[in-house]
Amino acid sequence: MNSEILVCGEALIDLVPLQRDGETLYRPLAGGSPFNVACGLSRLGAPAAFLTYLSQDPNGELLFERLRAAGVNGTLLQRGPAPTALAYVFAPQPGSEDVRYSFYFAGTSESALDASRIPDPLPEGIEHLHFGSISTVLDPHAGIFQALAAREHGRRLISFDINARPTVTRDREAVLPRVAALLARADIVKASDADLDWLYPGVEHAEVARQWLAGGASLVLLTYGGDGARVLTPAAAFHQQAPRVKVVDTVGAGDTFLAASLWGLWRRGVLTRAGRAGWSEPVLREVADLAVRAAAFCCERPGASVPSAADLGIA
């Protein structure tokens, strides 16, 4: 249980809307899918490290302090003058619970990571690598993380959260090879129904999952918002219903689900390559229950609000 999880990817500032005196104001909150996963893992109790570039501007300092407060290992962080990336969060369209985003990346921290400063070998104790979201499909970080995943494939367990952002990467045909490159290295794959519908239009979700499993994945996690999640392995498949809650927003809900899933496997001592033998259906049902409850907790609060183990009733 001393193994560390290295999360690789973007950290940015989410500008979240607030209504005050009839006007829409925007509150800056620390965010970015991998950032949320790293903080979520640490808050839940798993040892997490983070590999990204953080600006030395005030927004970068805010992100750094959030990581430090959460207890995330920052040894592999890179710091420099490039400004912090931003994401505006907009209210859902009528009939939907999903918020919308507008990202600002050009010339920011999202193009400043230095591959030559990533150690080879990685520090001792890292048993799991997690990749996800925008940083896996936009250059130059996409190429850096693909190379790292290829280098570490077979040495360490790897997870991949697709977390597609069509508003940023509008060219689906350009995104597909990037996604496929990470899928080829991943032991655990997580995707939302929106990810699947955009990347593989007209293809049944179960068929996509079967293809991923046939391609080498050991565990596929498909999320469906308020309708819960579907868990698939080569030997089992089941649906996990989500608890009903009053949704404030869905920012970070998928990241929270993923963090709780990895934490659930970690606390069982099976978040390693050798540990895959312990991914029985009873264990995965317990993990899925933790994950949907954690995501529901997040949805009841503004921004990416990850619960602690105590919040989930676990000592």
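Paired with F160 under the rule side chain to side chain contact (heavy atoms under 4.5 Å, CB included), one option of I188, L129, T136 passes, and it is T136.
With hydrogens and angles disregarded, no donor-acceptor distance shorter than 3.5 Å links the side chain of E10 to the backbone of E110. Side-chain atoms of R172 come within 3.5 Å of backbone atoms of L199 as a donor-acceptor pair (strictly under, hydrogens ignored). Within the 3.5 Å criterion, the main-chain N or O of L113 finds a donor-acceptor partner in the side chain of H141. Side-chain N or O atoms of D14 include none that pairs as donor or acceptor with a backbone N or O of V16 at under 3.5 Å.
Among all heavy-atom pairs drawn from R230 and A237, the shortest one is NH2-CB, 3.8 Å. Scanning all heavy atoms of the two residues, the minimum distance from A296 to P243 falls at CB-CG, 3.6 Å. Heavy-atom minimum distance, L290 versus G264: CD1-CA, 4.2 Å. Taking each heavy atom of P234 and L213 in turn, the nearest pair found is CD-CD2, 3.9 Å. Residues S109 and A82 come closest through the heavy atom pair N-CB, 4.0 Å.
V175 is connected to V203 through a chain of hydrophobic side-chain contacts under 4.5 Å among Ile, Leu, Val, Met, Phe, Trp and Tyr, so both are in one cluster. Side-chain heavy atoms closer than 4.5 Å link hydrophobic residues (I, L, V, M, F, W, Y) into clusters, and following such links, possibly through other members, connects V270 to L41.
Applying the ring-ring contact (aromatic ring centres under 6.0 Å, His included) test to residues at least two apart or on different chains, the pairs with a partner in residues 166-225 are H205-Y224. The side chain to side chain donor-acceptor pair (under 3.5 Å) analysis of residues 22-35, with sequence neighbours excluded, yields the pairs Q19-T24, S33-N163, S33-D255.
Salt-bridge annotation for R155 and E127: absent, with no side-chain N of the basic residue lying under 4.0 Å from a carboxylate O of the acidic one. Salt bridge present: E286 and R268 bring a charged side-chain N and a carboxylate O closer than 4.0 Å.
Between the side chains of Q78 and D114, no donor N or O sits under 3.5 Å from an acceptor N or O. Neither side chain, T272 nor H128, offers a donor N or O lying under 3.5 Å from an acceptor on the other.
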Does D311 form a salt bridge (charged side-chain N to carboxylate O under 4.0 Å, His left out) with R301? I'd like the steps, not just the answer. CA-CA 13 Å; D311 291 326; R301 293 156 179 81; over 6 Å; no

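Figure legend: cation-pi geometry between R68 and F64 absent, as NZ or CZ is not positioned both under 6.0 Å from the six-membered ring centre and within 45° of its axis.
Classification of the F90-Y88 ring pair by plane angle, with boundaries at 30° and 60°, yields parallel.
Partners of A294 by side-chain contact (heavy atoms from CB on, under 4.5 Å), not counting sequence neighbours, listed by chain and number: T256, A260, P307, L312.
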